[in-house]
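A note on names: the letters A, B, ... follow the listed sequences, proteins ahead of strands, and every chain is numbered from 1.
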Number of protein chains: 2
Amino acid sequence: MATGRTHRPATRSRGIPEATVARLPLYLRALTALSERSVPTVSSEELAAAAGVNSAKLRKDFSYLGSYGTRGVGYDVEYLVYQISRELGLTQDWPVVIVGIGNLGAALANYGGFASRGFRVAALIDADPAMAGKPVAGIPVQHSDDLEKIIQDNGVSIGVIATPAGAAQAVCERLVAAGVTSILNFAPTVLSVPEGVDVRKVDLSIELQILAFHEQRKAGEEAAAASDGGVPAAAVRSDSTDQGPDGDMPAVMPA
Amino acid sequence: MATGRTHRPATRSRGIPEATVARLPLYLRALTALSERSVPTVSSEELAAAAGVNSAKLRKDFSYLGSYGTRGVGYDVEYLVYQISRELGLTQDWPVVIVGIGNLGAALANYGGFASRGFRVAALIDADPAMAGKPVAGIPVQHSDDLEKIIQDNGVSIGVIATPAGAAQAVCERLVAAGVTSILNFAPTVLSVPEGVDVRKVDLSIELQILAFHEQRKAGEEAAAASDGGVPAAAVRSDSTDQGPDGDMPAVMPA
DNA sequence: ATGTCTTTGTGAACGCGTGCACAAAGATGG
DNA sequence: CCATCTTTGTGCACGCGTTCACAAAGACAT
């Protein structure tokens, strides 16, 4: 799971728990599917199954939004779609810029799930002059020299960073300085941002590493116990350098 | 000397908290960077800063692995890199298949962060016959008819699904039937799997929606309060159909 | 109108994760 | 060898999130 940073004791004001917010998009997706099949109402049990969560959890989540259900019947699909959309801020248009148009940046630009949720790719930005003008997903790539102007002209407040790790912090700072207050970071690095700026990160290799952990566990504890003994530092060193010269490196080659 | 044949508590019921496991890759990344700069030791404070977490949390996380630090000094970087790698199962080679070679699948195939962590892309699989044989990231794409054989021949236990949502569940079932027990799912859909199979999901649009929520909050509570009153179902319907015909759609176009 | 049946909304208990604060361990210097 | 200083490892308390279990609310049939 990507984690938000900036740990405050929680927004005790309007207080929808973070965990609930993170599930709302899940519910919304399931509800949209039901809506397309013209299903009028749905029970917490059915919807929970479709969203892959516990029904009690779902009801508690919805209780934070208000009492939108009808006892004995369930929830009105269309109404709930609207309420959740509104709560998430998806009833308005969110212009987004993607910085770093490598393989991943291009994939994001082509990703259909954005447009269908109120997100509009306002611009694609890359540091490589050779990319400038080249259309990706029908949008011409612009050079990063114009980053600030692009942000301001389009009123962008959400930025996506898909650059190599080494460039991410600098890009982040320019985005923030230009007015961006929410950042989705795909670069494998920790971004430091001023108070008031939200960062969520998605690290593809971290997810795989977590799977590997569980996979190893499943593969049997006996193997781990066998190769247990203390390992000399020398062995360690050679092992880690074996990994190749890329080490912590770039998520995606930026053209 | 952190080592010195620390006798394993053995009784450690292998109970490493999920939250800790999820942070180990973060520490590993930071440690790898230090290792490349030939930094010999690091304090919990420094490493925590580099990994973007609290130092107390980091020390507690490491305490689950054992006592690998030296009081008054800190942690031996190389030794810790090895211990965490071993704990995560990264000292062995993990063959991985990627199913669905669209924009995202191709980006994943090109992603450098995999190979550098012990993950090896054993095969690329796509349902489009036109893709078969075409090299992506230097690896020829194979047709999904051969999925089972590919899995078994390569001893693959980790699969990555980057297909459209509609195909994901079917692909998932074939992977599991062929012996895959860990799945990283990029398709925007809930996968149901038998007991013993781990699934982690990455949904790009969900992350953006969470950011939008906080962005809306930051943009001011007054706007939300103003447009609050009950909204008729009619308005809701038109709003949701405005979203276009893609609705819940595919993460990535597969070719 | 009344009773029955279904499903919501939520109080309460519980468990996990986080952060504090400090004692113990070891390095370092005299 | 002793004193001092640094940093780890962890006991403890707290708060968030999850789950259970059930009373209240409304639909529906008679």
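Atom C1' of nucleotide D:dG9 and atom CG of B:L65 are separated by 13 Å, given to the nearest angstrom. Taking atom CD on B:E45 and atom C1' on D:dT6, their separation rounds to 12 Å, with Å as the unit. Rounded to a whole Å, the CD atom of B:E46 is 12 Å from the C1' atom of D:dT6. Rounded to whole Å, the distance from OH on A:Y68 to C1' on C:dT7 is 19 Å. Protein atom CG of A:D76 is 13 Å distant from nucleotide atom P of D:dA27, rounded to whole Å. Per the geometry, CG belonging to A:D61 stands 10 Å off C1' belonging to D:dG17, to the nearest Å. The separation between B:N54 atom CG and D:dT8 atom P is 13 Å, rounded to whole Å. Between B:Y64 atom OH and D:dT8 atom P the separation is 17 Å, expressed in whole Å.
Each of A:Y75, A:F62, A:Y79 was evaluated against A:Y68; a single residue qualifies, A:Y79, per the ring pair (Phe, Tyr, Trp, His ring centres under 6.0 Å) test.
Nearest to the side chain of A:Y75, among D:dA27, C:dG9, C:dG17, sits C:dG9. Here the nucleotide nearest the side chain of A:R71, chosen from D:dC20, C:dG9, D:dT8, is C:dG9. Among D:dA27, C:dT10, D:dT10, the nucleotide with an atom closest to any side-chain atom of B:R59 is D:dT10. Here the side chain of B:S63 is nearest to one of D:dT19, D:dG9, C:dG9, namely D:dG9. Ranking D:dG17, D:dC12, D:dT8 by closeness to the A:A19 side chain, first place goes to D:dG17.
A donor-acceptor contact closer than 3.5 angstrom links the side chains of A:E173 and A:Q169. Looking at B:E36 and B:T32, their side chains never bring a donor and an acceptor atom within 3.5 Å of each other. In summary, the side chains of A:D198 and A:S182 do not present any donor paired with an acceptor at a separation below 3.5 Å, with no hydrogens or angles considered.
A donor N or O paired with an acceptor N or O is found under 3.5 Å between the base of D:dT19 and the side-chain atoms of A:K60. Remark: the A:K57 side chain and the D:dG17 base include no donor-acceptor N/O pair separated by less than 3.5 Å.
Each of A:G72 and A:A56 lies near DNA chain D, and the nucleotide nearest A:A56 is the one positioned closer to the 5' end.
Taking side-chain N and O atoms only, B:S44 has a distance below 4.0 Å to OP1 or OP2 of D:dT8.
Between B:R23 and B:V53, the closest heavy-atom pair is CD-CG1, 4.1 Å.
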